[in-house]
Each structure stands twice: as C-alpha cells, then as structure tokens.
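This report refers to the structure that appears directly beneath it.
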Amino acid sequence: MTDLLQYQPIWPNSPEGGWHVVHVLKITTTRSCWMRCRFCDFSHFVPMIDGHPVPPLTLLQTSRTHPALSQAYDLIKVRGGLSFFEPWSYFRSAIRDIHERNPASLQALSAVEVLHFHRVEQKPLQELLEELRWAGASSLGPGGSELLIDPWRQEMSSLRLTSQEWLGIHQIAERVGLKAGASLMVFPGITERQILDHIQMIRNLKSLSVIEIKPLRALGTDLEILGSPHLFEVLATIQVIRKNLPHVIVAMNIDHLSGDVCDLLQWHGVSRAMATKEVLEP
Amino acid sequence: MSADILWVPCLKMDSHDPPYADRMIRLFLLSHQERGHVLFQTETPRPAPSCSAIMPIPGCTWHITPGTVPDLATLNAFDGFIEMTAPSDDIPFDLVDQLWPGPKLTRFILIRPAHHRLANLVNSIEKMRSRFPGLGLWIDQPTVGWDALAYLLAVFPGLHPVRIQDDELDRLLNIGQKLEREVFLADFSGLPPIKIPFLPRYAPDPARHWRRVPINPRFV
Ligand code: SF4
C-alpha cells in the first residue's frame, strides 16, 4: 500500500438532517505548559513566560463564579497545559464544582495530566481516574492522542507519554466508567500509513464512539514554517477514518471554518460539529 | 485524474496613452515569459497576442459581462470570438444553446454570487458540462474562494481557474501538487503552455528546532 494520502473527490451528499451541532464550553486550566510539544502554542520555557513568572491558576475561582457556567451547553471540556504548582486536589475540587453548577456532560483533563499527577503525587492511575469520575467527569479528554506513533511522538513531543501509556490510561479509564476520547491531528504531509497506524492503536478502546479531527494550527509554535494542512489532507484523512472506523462518529471544531469548508466536511462524513465558547484566564 | 491545470495571468487595461499601454503590456508579458491575457476596458485596444475587450471590437475577443448580455442578432452580427461571463445562479442557458456548438463562443466564465451555496454551484457546473459538452468552462477564483476552487478542480478535471493573482500562484500550485496534476502558465494566443515547477516541501527539522536548549530570552 502506498504511503501517500490521496484525496478521492466525491459528489455533494449531505447526510440526512446534516450534522449534529454540539455546543461546547471550553475551560482552559492554564495556557502555559512545560512539556515542549512542538505543535502546541501553550508550550513555554518554565517557570517564566515572556519574562514574567507563571501566575497561580484561577480555575477554582472560575469553576465557582464564572457566569458562563450558568448557561446551557451539551458538553463542558476542562483542558489546558500542565500546571507548575497546583496539586491534584485543586483540579479535583474545580471539576467537582463545575459539575455541581452545570449538568452538561463533562470531559475533564486527559491522559497527559493524569500521568503527570501520577508521577508528581505518586498516586495510582486507577485512583486518580476514579476520583475524576467521582468529581463528575463522564469522559477523559483526547489530549495526548494527536498521533499514536512513537517515532513521530519522539520527534514532536519527546517528553510526553508514549502511545502505549496513553492507551493504557484510557483502558483503565474505561474500566472505571469514563468514556474514552481520541483525536487525530492532521499536519501537513501526513501519510495514510500514519493514519492507519493511529487507527490501529485506538481500535483497542472498547468505548470509543467519537474521534475528533484537529488540523494543526501551527501559528506561534515551533512548526510555524509548515503552515496548516491543506484542505485535501483534512478531507482525505476523514475518508480514511470513515473507511476504517465506520461506526465511529467523526467530530470537528467548526469555530473558524467557512461555510464552504463546513459543507465539504459534512459531505465527507463529519457528523458532529463542535461550536465552542471558551472561558479564558483573566 | 491527469488533466492539467492552467494558470492564465490577466492584466486589466483602462484607457491609457498608447505608448504607456504598449509599455505596460510589454512589461506584463515579459514578466510572464510572454504568456498572459489582456482585458481591455476601453474602445481602443492595443495589440496583444491574447486579448479581449468588453465591447465588440474587430480583432479582439468580445468579453461579455452579466450586465451587458446582447441579443442573439447582435452576437451573430459580430465578426469575431466571444467569451461570456455569467453568475453561476443565473446562467443564460437559452442564449448559450443558440451559440453552442458553434465557432463563436470560445469559453464560458462562471462567477459565483456570495449567496450561492457550494452544492448549487456544483449543480450549475454539472448542468453546463452536460448541456454544452466541449465548451471551455472557467471559474472565477476571487468570487469562488480557495476552498471551493480546490474542491471544484478535484471534482471537475476539465475546469480551469481565472483571475488568480501572481502572489497567489503558490496556492494553485499547492492544489496541483495535492491532486498530482501539473500546472501550466498559459494564455489564449496559441503559444504552447509552460510547465510551472512545484514548490519545494518543507520537512520538520528536528535537529534545528528540537535539540536546542530552551533558553528564556530573559536570561540571554
Ligand atoms: S502537554 Fe499538551 S499543553 Fe503541554 S505542550 Fe504538550 S500539547 Fe501543549
């Protein structure tokens, strides 16, 4: 099989009723992170950002007082970089508060954060995930699953967890009742082989029902020179996923997309569109 | 899926002194390896190998815009070629029916109105192709947009874009590269098209980007 990702043009064909729009409230825990992933604009040298010390997080305050949490959403996502100072209990309390204030389904943290706290607080992974479930999370975020191929990860985010570690954490999460969430980052030059290898990994998740496609947003990152993936790369990636995981819903964030791109995504099999409101740090 | 994609640089000329107009055309052609189309918006066009004018002038292709579609008798009375532009949601099918097949109509350029959804645009193009097989169909990039253009070029291999500026040629080359179709610099003068080489692709460079020590500018 060829490695080349080849787009197969298809005729306009809207699915019955179009796609399902999910209204998401995105709560960013912190916009700084020491992990140095090359594709991420949260990545900063620690403990300073542009010459300023990293401020303490305001997540707990947000979770208790932010007016956005009184509005109706389909999904709340709590995600961000890795904090430098706040302990696990800080995040657990914040997630609990969010869940108590808003009944929306809650996707909290990701395998990256869970492994981080496992290391710094020496707590078993299962215990951390059970606490996350207790706090009100219904699923674990897809963070860390951009491409589950170790040579690629070594080059792009060498300090991060390995593919097996990511998968292992999600399998424990499934056992404690958290739904698995996976994503796929489309970067310029992605090959069909890479997509298939990624699919091979996430097939191991029993509860996987949604995969989120994330085109690389390279602005402000180490990979800026690469630019964004071409429209054809995004569409071809969706085609490969639809062919190999026909039962999985393909989701995409549509916040900055034109009407034409939205039409094209629907014709090519994206059936869940995420419209996001973001709660930013003050 | 091997049809080539043509890039026709276009120069719009208003009324100018003949020496100035000649010099402009000369420079335009020189900077495009003697290929390029000149669209005259004046009654006194200057000689150019590939040109059209927005009024009927002998020796020049008549460029008919949506607001100035004449009747069939006027078109038939004109002794020359015709290129017609029309909005994709209001194509004068009956008029084209009378002109095609025939020697007069050389190409048809579709302009997309802002409200025209992509699915409807695809239907319009398909209708044109099935009703007028063989008629050169061109599509106006600035009104169609880049995303829709990329998709249309993939779905309709015989379609070509117009009005792509020099500084956006890289975007067309990118589309050609992704579809594995060559892009050629061309015009309507009869001169052979010139192949445009694809752009080099950048690969991530781990050595340069990653293995450097992350030093905060504050400490340098
Ligand atoms: S771990 Fe996540 S937040 Fe941190 S740098 Fe990597 S992608 Fe960004």
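Every chain is numbered from 1, with letters handed out A, B, ... down the list of sequences. All values below were derived from every heavy atom in this structure, side-chain atoms included, with hydrogens, water molecules and symmetry-related copies excluded.
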Quiz item: Checking B/Leu121 against chain A: side chain, backbone, both or neither under 4.5 Å from a heavy atom?
Solution: neither
Quiz prompt | Region of A/Gln6 that comes under 4.5 Å of a non-hydrogen atom in chain B | solution = side chain
Quiz item: Does the side chain of A/Asp260 pick up a donor-acceptor pair with the side chain of A/Ser258 at under 3.5 Å?
Solution: no
Quiz item: So, B/Arg26 and B/Glu34, do they make that salt bridge, N to O below 4.0 Å?
Solution: yes
Exercise. Would you please indicate if the ring centroids of A/Phe187 and A/Trp152 are separated by under 6.0 Å?
Key: yes
Exercise. Give, as side chain, backbone, both or neither, the part of A/Ile10 having an atom under 4.5 angstrom from any heavy atom of chain B.
Key: backbone
Practice problem: Just say parallel, tilted or perpendicular for the rings of A/His268 and A/Tyr7, cut-offs at 30° and 60°. | Solution: tilted
